[in-house]
Number of protein chains: 4
Amino acid sequence: MSGARCAAPEGEPVPQRLLAAATRLFAERGYDRTSVQEIVEAAGVTKGALYHYFGSKDDLLHEVYGRVLRLQQERLDAFAGSRAPVETRLREAAADVVVTTIENLDDTTIFFRSMHHLGPEKLAQVRAERRRYHERFRALVEEGQRSGVFTAATPADLVVDYHFGSVHHLGAWYRAEGRLSAQQVAGHLADLLMRALRP
Amino acid sequence: MSGARCAAPEGEPVPQRLLAAATRLFAERGYDRTSVQEIVEAAGVTKGALYHYFGSKDDLLHEVYGRVLRLQQERLDAFAGSRAPVETRLREAAADVVVTTIENLDDTTIFFRSMHHLGPEKLAQVRAERRRYHERFRALVEEGQRSGVFTAATPADLVVDYHFGSVHHLGAWYRAEGRLSAQQVAGHLADLLMRALRP
Amino acid sequence: MSGARCAAPEGEPVPQRLLAAATRLFAERGYDRTSVQEIVEAAGVTKGALYHYFGSKDDLLHEVYGRVLRLQQERLDAFAGSRAPVETRLREAAADVVVTTIENLDDTTIFFRSMHHLGPEKLAQVRAERRRYHERFRALVEEGQRSGVFTAATPADLVVDYHFGSVHHLGAWYRAEGRLSAQQVAGHLADLLMRALRP
Amino acid sequence: MSGARCAAPEGEPVPQRLLAAATRLFAERGYDRTSVQEIVEAAGVTKGALYHYFGSKDDLLHEVYGRVLRLQQERLDAFAGSRAPVETRLREAAADVVVTTIENLDDTTIFFRSMHHLGPEKLAQVRAERRRYHERFRALVEEGQRSGVFTAATPADLVVDYHFGSVHHLGAWYRAEGRLSAQQVAGHLADLLMRALRP
DNA sequence: CATGAATGAGTGTTCATTCAT
DNA sequence: GATGAATGAACACTCATTCAT
């Protein structure tokens with residue numbers, strides 16, 4: 001009866017097991033095609049346990065978002081805050097967001113596909129954090145434009161949306177078993193961005 | 001009974017009214033947050049009428065897809081087939097897909113967000129048409145790379161995914177009432193692509 | 001466009017084609033699993049045509065019943081009214097109802113399975129005709145019992161229900177492609193009845 | 001709120017109440033004239049409760065079948081396995097199936113009228129159990145035919161179908177408030193069978 | 001005579017959530 | 001902390017029937 005019968009090991013704490021199961025299922029079949037029943041079965045717990053730790057189904061979604069937002073914000077802060085020249089900082093940040101997106105492809109796929117299932121106040125919160133991330137990235141572009149190492153022909157926020165568009169889109173085509181590693185893809189996409197910014 | 005009480009004018013034929021209502025609602029709140037009941041109310045008809053013309057809810061989605069796929073394929077064919085130099089042809093195609101995406105922002109938003117709700121065989125069909133579109137675009141990039149007017153540093157399909165990523169992403173940020181017109185956005189995004197391809 | 005494309009030949013009049021199609025479909029999948037749409041498609045006409053000739057879906061059922069009731073009543077009248085000895089008359093009637101049931105197995109299967117779908121007044125009418133048929137048959141049994149050629153140990157109506165039970169049940173097991181012909185089955189069942197009635 | 005307002009007493013467990021309500025309604029108006037809504041109202045619970053215990057509407061039907069099949073199989077085993085002479089064993093089995101059919105007339109009426117509403121795999125299972133029952137009964141007939149106490153003029157399976165036909169048919173005419181008790185009917189029908197088998 | 005678009009009440013089923021234990 | 005029976009509103013979809021043409 002006990003032991004390692006289910007995918008989620010009983011060693012890990014219940015909330016983590018629930019979150020892991022939900023993440024996998026949301027990415028596999030989408031938020032609304034996944035029932036709470038399926039999540040608790042995959043996590044090897046009962047419905048009561050889920051509602052003990054999470055207020056609702058979309059709380060789970062919110063937690064997934066929190067995880068990926070926190071991760072990306074932290075990494076961006078690290079790259080942007082270095083003392084390297086701006087083109088190095090932007091390049092590394094641009095490549096890193098690709099790598100971490102691929103490494104957490106489930107989370108980010110869910111992010112961009114299921115946002116609209118959050119309730120209004122959680123959605124507002126997520127959007128605010130997202131905007132902060134965008135602005136931080138945009139500041140790097142603007143810094144380079146002001147100092148002349150990047151062309152100012154294109155408004156900085158368009159540049160940011162251009163790059164992030166391709167990042168969002170990774171879930172639509174990137175396959176781990178494919179020809180290119182995460183690092184190779186990141187290198188190529190960062191190259192494209194840097195070339196597009198040459199004066 | 002008569003008059004302009006509902007959003008969908010009674011003058012138009014019922015199938016068009018249904019499709020218009022569905023498109024708007026799918027774009028506003030997503031495919032599965034939209035009930036069939038809401039669609040028929042918005043169109044001013046009854047459920048029976050909907051199922052008289054469409055086999056299922058996801059038939060409506062499929063019709064939206066058909067419309068946008070046909071439109072984009074035709075426009076790409078026109079641009080790609082011209083006699084202009086390859087950099088002109090690619091630039092115009094790249095800008096045009098932005099303009100038509102913005103002009104049909106509801107349809108394209110639905111497209112990229114709700115694809116996974118189609119049944120397997122409809123999904124396969126849509127994906128096949130989508131792939132053809134991609135390949136046509138990629139052929140332009142490769143032509144330029146072979147003739148040396150574009151850099152070959154980045155594989156052509158990555159370039160295409162890079163550009164289309166930003167196109168898919170338009171629905172996430174473009175607002176008609178914003179600062180930039182569709183043409184201006186298209187010009188900027190095409191510039192970014194062309195600069196990224198400079199040798 | 002014209003010709004013999006559909007199962008129901010266009011040569012036959014429309015009401016007959018409808019009735020034939022309905023009979024086949026009712027027997028195949030039951031009354032409620034058959035939609036009016038399927039009937040008209042199988043008959044190669046439109047819904048309007050059906051409602052032109054028949055007042056409702058259960059009118060079709062009623063017509064099927066009428067056909068089989070009329071047929072069986074007529075045949076029973078013929079056998080019962082002959083001048084042969086009563087044991088011959090009963091035996092022949094008992095065998096004949098088996099043969100005609102098998103020859104119209106679709107109709108009779110529908111009859112015994114779908115009766116309860118008729119509206120109250122049609123149901124009453126069918127039941128009345130059915131009862132007349134039963135009574136006619138019972139009269140033969142009683143005649144033989146009074147004259148001593150049949151045992152009177154079992155009440156005549158139980159005898160009739162015994163025999164008709166096995167007739168109703170034919171649809172559950174008889175297969176045209178099976179080992180026994182309709183006549184052989186009829187012979188055996190009539191034998192069983194006659195032996196059961198021996199004094 | 002409390003009290004004896006509904007047919008199903010609140011003392012009994014919910015699944016039993018649902019099954020009892022379903023049995024009664026299926027027998028009264030047939031499987032498909034009975035809606036799930038009517039069943040839950042009769043049982044005094046909600047739809048959610050029904051689907052908590054039963055996977056689907058036809059699961060209810062299947063449960064009814066299971067009950068009657070189990071009962072009849074057990075009783076037949078008891079009678080067939082006794083040490084009495086074969087004519088006694090067959091007579092008692094033939095009479096007993098009539099008594100238990102009458103005592104569970106709702107269940108058996110449903111059985112013979114609604115079988116075809118089961119899904120394919122459930123139907124196959126029920127048919128297999130039914131066939132076992134038939135074969136057990138047929139073995140008794142064959143045993144008597146081999147030993148010469150029964151005539152071999154009629155094939156044994158025809159004899160079995162003859163008798164079971166009349167059993168199936170009981171629901172069509174037997175009324176508890178009628179002239180004959182279950183035992184009396186059973187006696188008469190067993191008599192008919194035994195007389196029909198006399199050499 | 002016949003059409004087929006349109007109706008509207010109805011179907012079985014799902015599911016996030018609650019709460020007595 | 002955790003259970004799982006029970007809720008109740010919502011869901012996509014069906015279909016016999018009607019009626020303007």
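This one's a predicted model, so the numbers in the text were calculated from it and none came from an experiment. Labels below follow one simple rule: chain letters A, B, ... track the order of the sequence lines, proteins then strands, and each chain is numbered from 1.
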Any donor-acceptor pair under 3.5 Å joining the side chain of D:Lys47 to the base of E:dT13?
-> yes
Base-pairing mate for F:dA20 - Watson-Crick or G-U, with both contacts under 3.5 Å | E:dT3
CG of D:Asp59 versus P of E:dG12: gap in Å, rounded?
-> 14 Å
Do any N or O atoms from the side chain of C:Asp58 and from the backbone of C:Gly119 form a donor-acceptor pair under 3.5 angstrom?
-> yes
Whole-Å distance between F:dT18 P and C:Lys57 NZ?
-> 15 Å
Report yes or no: is the cationic atom of A:Lys57 (NZ for Lys, CZ for Arg) under 6.0 Å from the centre of the six-membered ring of A:Tyr31, at an angle within 45° of the ring normal?
-> yes
Phosphate OP1/OP2 of E:dT11: any D:Ser35 side-chain N/O under 4.0 Å | yes
When you get a sec, tell me which of E:dA6, E:dT13, E:dA16 is the closest nucleotide to the side chain of D:Tyr51?
-> E:dT13
Proximal nucleotide (of F:dA5, E:dA6, F:dT3) relative to the A:Thr46 side chain | F:dT3
Which of the following nucleotides, F:dA16, F:dA5, F:dA6, is nearest to the side chain of D:Ala49?
-> F:dA6
Whole-Å distance, D:Arg29 CZ to E:dT11 P, equals 10 Å
Rounded to whole angstrom units, what separation is found between the CG atom of C:Asp32 and the P atom of E:dG10?
-> 16 Å
Nearest nucleotide by nearest heavy atom, which residue falls closer to the 5' end of DNA chain E, D:Tyr31 or B:Pro15?
-> B:Pro15
Under 3.5 Å, side chain of C:Arg17 to main-chain N/O of C:Ala43, donor-acceptor pair present?
-> yes
Value in whole Å for how far the C1' atom of E:dA5 lies from CZ of B:Arg17 | 12 Å
If you find the nucleotide of DNA chain F closest to D:Leu50 and the one closest to C:Gly48, which residue's nucleotide is nearer the 5' end?
-> D:Leu50
If the plane angle is over 60° it's perpendicular, under 30° parallel, otherwise tilted; pick one for A:Phe111 and A:Tyr65.
-> tilted
Rounded distance (Å) that lies between atom C1' of E:dA9 and atom CD of B:Gln37 = 12 Å
Mark yes or no for whether C:Ser35, through its side chain, and C:Glu38, through its backbone, hold a donor-acceptor pair below 3.5 Å.
-> yes
Paired with E:dT13 by Watson-Crick or G-U wobble geometry, both distances under 3.5 Å: which nucleotide is it?
-> F:dA10
Does OP1 or OP2 of F:dA6 have a side-chain N or O of D:His52 closer than 4.0 Å?
-> no
B:Arg33 or D:Val45, whichever maps to the more 5' nucleotide of DNA chain F = D:Val45
For B:Tyr53 and E:dA6, give me the distance from atom OH to atom C1', rounded to whole Å.
-> 8 Å
Name the nucleic acid region contacted by A:Phe54, choosing base, sugar-phosphate or nothing; use a 4.0 angstrom heavy-atom cut-off, strictly under.
-> nothing
D:Glu38 atom CD is separated from E:dG10 atom C1', nearest whole Å, by 11 Å
